[in-house]
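Working notes, structure below.
Values below: all heavy atoms of this structure, side chains included; hydrogens, waters and symmetry mates excluded. Residue numbering restarts at 1 for every chain, and letters A, B, ... go by the order of the sequence lines.
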Amino acid sequence: MKAQDIELKPVVEAILFVASEPLPISRLEVLTEGIKREKKSLREIMVELEREYEKEGRSFTIRKVANGYQLRTRDIYSPWIRKLFHPRRVVHLSKAALETLAIIAYKQPITRIEIEVIRGVNVDGIIKNLLDRELIKISGQKEVVGRPYLYRTCRRFLEYFGLKTLSDLPPLESRGKPTVKKIIASSDLKYEDLEAGNRQ
Amino acid sequence: MEEQQFHLEVFEGPLDLLLYLIRKDELDIYNIPIAQITEQYLKYIELMKILDLDIAGEFLAMAATLMHIKSRLLLPPEERGEDEEEEDPRWDLVRQLLEYKQFKGAADSFHELELKQEKSFTRGRVSVDFVPSSELPLEDIDLFELLDAFSQVLDEAEKRRPPEFEPDNFTLEDGRNRVLKRINPRGSILFHLLFEKGESRTRIVVVFLALLELIRQKIIQVIQDGHFGEIMIKRVETART
């Protein structure tokens, strides 16, 4: 079969099938370069694929996560997939890890000491764990004495929680206290900046 | 007890304890009765010390902060500082608690998202992390609620008999066996039924430590009838395929 006879949709489907990470449209554009595009954009193809999966009752869906598209199994099949991994079990993040991650997510970039001021307790081990799980990364050093590391959430963080972008974060419960927007405003950042940080 | 090496790491911090106490006694976070909460706080520290739990130094630092605030509140306002607009000495702490509470709330929402997301799998890199069941890390136990129940049993015991000094060779292993044996018939038991009436303080401590260890090993779990309700101990059902 010649390359020009290949249709875009099945190629995209094949790529999504093997991809280990959510793929943004821009990346899919590059990957499928040279394939004749009818009038449909990649975005429309995604919608089409998703509808087909739905209509045919396939076991997968296409989900938008972490600024990209990902093929995922439908929720209802999880009990059987879990059996596949038996006797290993899903590890949830501990409460302490979730709290630390929440602080980083809303206040990034942030130093370890700044996190500890909020949590009132040492977070050394937790930070290490979150780095290992690639949920956060070191994004630089703060220009203060000691030049401490600054931490940010990674793309994997969005994927782990099924968030499309950082602006998808659940709103912080406001109690006359700084809201997410205020926090971000006070750290001279915009949501878009945060997302850009995650795209790297 | 000396030779029994047992150190349960405590993941909760001093702010968790304060928020717990506030919630428990339905206190107004903006108007915390400092004397009352300091007394309660110190009581929990004492309990954790009795159990020889591995508590963070931050707990003691917070105890000092609380006592400092308490002493400042005892001074008439004009003597607290030259500043006319002198802030309530509690305010720094209140701010810290409110901010922390907010992130605790966010952590709960994150947990819900996590549970939702892990029902769906991807190819390639597995979307959720799996570990062998035996290596599961210590998950959060509601330590303070357990400590509450523990201190009630302890108080009860002290009312019945004065603190004893006779040696007791009841071991952690004995404690463990007792917990498992009592759970066995029905798979669950009310917390206070794990202890004997008129039991010695040492034994109560040992049984409680054995209980914490069993929770850590995920052999048993703690269920509570709503917040601050009666605590039930239950055997963890092992998933079979």
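- Without hydrogens or angle criteria, Ser120(B) side chain to Arg72(A) main chain gives no donor-acceptor distance under 3.5 Å.
- In this structure, the separation between CG on Leu113(B) and CG on Leu169(A) is 9.0 Å, given to the nearest 0.5 Å.
- Listed for the Gln70(A) side chain is no donor-acceptor partner under 3.5 Å among the backbone atoms of Thr122(B).
- At a 4.5 Å heavy-atom cutoff, the contact between Arg119(A) and chain B is made by backbone and side-chain atoms alike.
- Looking at Leu71(A), only its backbone comes within 4.5 Å of chain B, counting heavy atoms on both sides.
- Considering all non-hydrogen atoms of both residues, Ala106(B) and Leu172(A) come closest at CB-CD2, 3.5 Å.
- The number of heavy-atom neighbours closer than 6.0 Å to CZ of Arg51(A), taken from other residues, nucleotides and ligands shown, is 12 or below.
- Residues Tyr160(A) and Gln117(B) have side chains that never bring a donor and an acceptor to within less than 3.5 angstrom of each other.
- Nearest heavy atom pair, residue Ala107(B) against residue Ala102(A), reads N-CB, 4.2 Å.
- Not counting sequence neighbours, the partners of Ile15(A) by the side chain to side chain contact (heavy atoms under 4.5 Å, CB included) test are Val11(A), Leu23(A), Leu28(A), Leu31(A), Thr32(A).
- The number of heavy-atom neighbours closer than 6.0 Å to NZ of Lys104(B), taken from other residues, nucleotides and ligands shown, is above 12.
- The aromatic rings of Phe85(A) and Phe121(B) sit parallel to each other, their planes meeting at less than 30°, with 60° as the upper class boundary.
- Within the 4.5 Å cutoff, side-chain heavy atoms of Glu99(A) are placed close to those of Tyr100(B).
- Taking a 6.0 Å sphere around CZ of Arg58(A), one finds it holds more than 12 heavy atoms contributed by other residues, nucleotides or ligands.
- Residues meeting the side chain to side chain contact (heavy atoms under 4.5 Å, CB included) test with His68(B), sequence neighbours left out: Ser71(B), Arg72(B).
- With a threshold of 4.5 angstrom between heavy atoms, Leu163(A) approaches chain B through side-chain atoms but not through N, CA, C or O.
- Distance check: Ile76(A) CD1 to Lys119(B) NZ gives 12.0 Å after rounding to the nearest 0.5 Å.
- For the atom pair CG of Leu101(A) and NE2 of His111(B), the computed distance is 13.5 Å after rounding to the nearest 0.5 Å.
- By the neighbour-count criterion of 12 heavy atoms within 6.0 Å, atom CD of Glu39(B) is sparsely surrounded, having that number or fewer from other residues, nucleotides or ligands.
- Around atom CZ of Arg27(A), no more than 12 heavy atoms belonging to other residues, nucleotides or ligands sit under 6.0 Å away.
- When heavy atoms are compared at a cutoff of 4.5 Å, Asp16(B) approaches chain A solely by way of its side chain, counted from C-beta outward.
- Residue Tyr149(A) qualifies as open at atom OH: its count of foreign heavy atoms under 6.0 Å is 12 or below.
- Between Phe161(A) and Phe110(B), the ring-plane angle classifies as tilted under the 30° and 60° cut-offs.
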Trace of the side chain to side chain contact (heavy atoms under 4.5 Å, CB included) decision for Glu114(B) with Leu98(A): CA-CA 10 Å; Glu114(B) 181 185 31; Leu98(A) 284 169; 4.2 Å; yes

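- Neither side chain, Gln102(B) nor Tyr106(A), offers a donor N or O lying under 3.5 Å from an acceptor on the other.
- Leu97(B) does not touch chain A: none of its heavy atoms, backbone or side chain, sits under 4.5 Å away.
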